[in-house]
Amino acid sequence: MSTEQAMSDAVSLHESIAGAFASQGDWERAYQHLRAALELSRACPPVIPEQLRREVDRLRRERAQAREESLRDALTAVYNRRYLDRKLADLPAPFAVALVDIDLFKNVNDNFGHFTGDQVLRRVAALLGEGLPPQGFCARYGGEEFVLVLPAVAAGDAILLAEQVRTKVAEHPWPELCPGLAVTVSVGLACGAGGGTWAQVLDADRLLYAAKRAGRNRVAYRDSEDGYVIQYRP
């Protein structure tokens, strides 16, 4: 690699990393990389080639890390809405989608404080990520709501997994985190052909609200085109 090419690569990498940090709202680190790109483009005399090659290698690693961070939720470390949008656009059929919402989460914040609320979000996210099938993933949909995407999972297996998720959260030793604390989730599960659309997410959202209307701490899924089942196993 020539010195000129290495410098061009380094400038491009700084700009790419700046864009990744800007997408996360980390304006200070974005500015630092943009300033570094400007200074490097004005460097005279040129940087020593070996030092420059090492800098390019370091920047490539940092760019990969920055891109990964830009696809992760800062609080819970699960994937974020940006990642979900990208994956659903390309996901082949069939797949199942489960929308998981923490029941009465506002009460957790009001009664135990926002610090405890953040800890609850982290622990629920960790529980949701356990035991997912290959290629499956958890993403934070917004607030106290998460999405489980389950590619190539049969409807019966998806229902079982959704029930396991509900049970794991309900039976978690929450009082160890804060005395008197109890946490449950409601789940809306949509199984279908998929095809890379948001149709299943919207259906899962409708089923989630059906589970909440039925009393929360439940799993709702369709057993026919027009009907659905509310499942609860105390």
Side-chain angles (χ1 to χ4, degrees), residues 9-37 55-102 105 114 117-153 158 161-162 165 168-169 185 187-190 194-205 208:
D9 287 350
V11 170
S12 297
L13 286 165
H14 275 300
E15 292 173 345
S16 177
I17 295 168
F21 284 136
S23 72
Q24 302 171 53
D26 193 338
W27 305 113
E28 182 177 355
R29 292 169 78 184
Y31 169 74
Q32 289 172 353
H33 280 279
L34 285 176
R35 186 175 62 183
E55 174 69 0
V56 168
D57 289 341
R58 183 188 69 80
L59 286 172
R60 283 174 176 158
R61 292 192 296 271
E62 187 172 350
R63 180 179 63 176
Q65 181 179 353
R67 284 180 172 176
E68 176 66 17
E69 289 176 357
S70 74
L71 299 175
R72 294 278 182 178
D73 176 61
L75 177 64
T76 63
V78 299
Y79 288 112
N80 59 22
R81 181 67 178 268
R82 183 181 296 108
Y83 180 87
L84 178 66
D85 290 345
R86 291 183 183 180
K87 293 296 289 186
L88 284 183
D90 300 324
L91 199 63
F95 64 89
V97 174
L99 272 183
V100 183
D101 188 76
I102 301 176
F105 182 69
H114 287 274
D118 286 348
Q119 290 180 297
V120 167
L121 286 169
R122 292 190 188 99
R123 291 203 183 184
V124 168
L127 291 170
L128 296 183
E130 293 177 357
L132 293 180
Q135 308 305 315
F137 66 90
C138 174
R140 190 176 180 188
Y141 194 54
E144 63 271 23
E145 200 166 60
F146 298 85
V147 178
L148 297 179
V149 178
L150 312 170
V153 174
L161 189 148
V165 162
K168 276 193 297 186
V169 174
V185 295
V187 184
L189 175 67
T197 72
W198 281 83
Q200 281 179 249
V201 177
L202 295 175
D203 193 32
D205 190 57
L208 170 63

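Every heavy atom of this structure was used, including side-chain atoms; hydrogens, water molecules and symmetry mates were not. The first residue in the sequence is number 1, and the count goes up from there. Since the model is a prediction, treat every value here as computed from it, not as a measurement.
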Quiz item: Run the side-chain contact (heavy atoms from CB on, under 4.5 Å) check on Phe146 and Val185 step by step: do they pass?
Solution: CA-CA 10 Å; Phe146 298 85; Val185 295; over 6 Å; no
With a 4.5 Å limit on heavy-atom distance, are the side chains of [X] and [Y] in contact?
X: Leu161; Y: Val153; result: no
X: Leu84; Y: Phe137; result: yes
X: Tyr141; Y: Asp101; result: no
X: Val147; Y: Val149; result: yes
X: Arg82; Y: Leu71; result: yes

Closest heavy-atom pair and its distance - [X], [Y]:
X: Val187; Y: Leu208; value: N-CD1, 3.9 Å
X: Ala98; Y: Leu189; value: CB-CD1, 4.0 Å
X: Gly136; Y: Pro151; value: CA-CD, 3.7 Å

Exercise. Identify which one of Asp203, Asp205, Val201 satisfies the side chain to side chain contact (heavy atoms under 4.5 Å, CB included) criterion when paired with Val97.
Key: Val201
Quiz item: Taking atom CG of Asp85 and atom CZ of Arg81, what is their separation to the nearest 0.5 Å?
Solution: 5.0 Å
Quiz item: Between Gln200 and Ala190, is there a donor-acceptor pair closer than 3.5 Å when you use the side chain of the first and the backbone of the second?
Solution: yes
Quiz prompt | Main-chain N/O of Ala77 paired with Arg72 side-chain donor or acceptor, under 3.5 Å | solution = yes
Please tabulate, for the side chains in residues 119-134, all donor-acceptor contacts under 3.5 angstrom to protein atoms that are two or more places apart in sequence or on a different chain.
from   : atom 1 : to    : atom 2 : distance (Å)
Arg122 : NE     : Leu75 : O      : 3.3

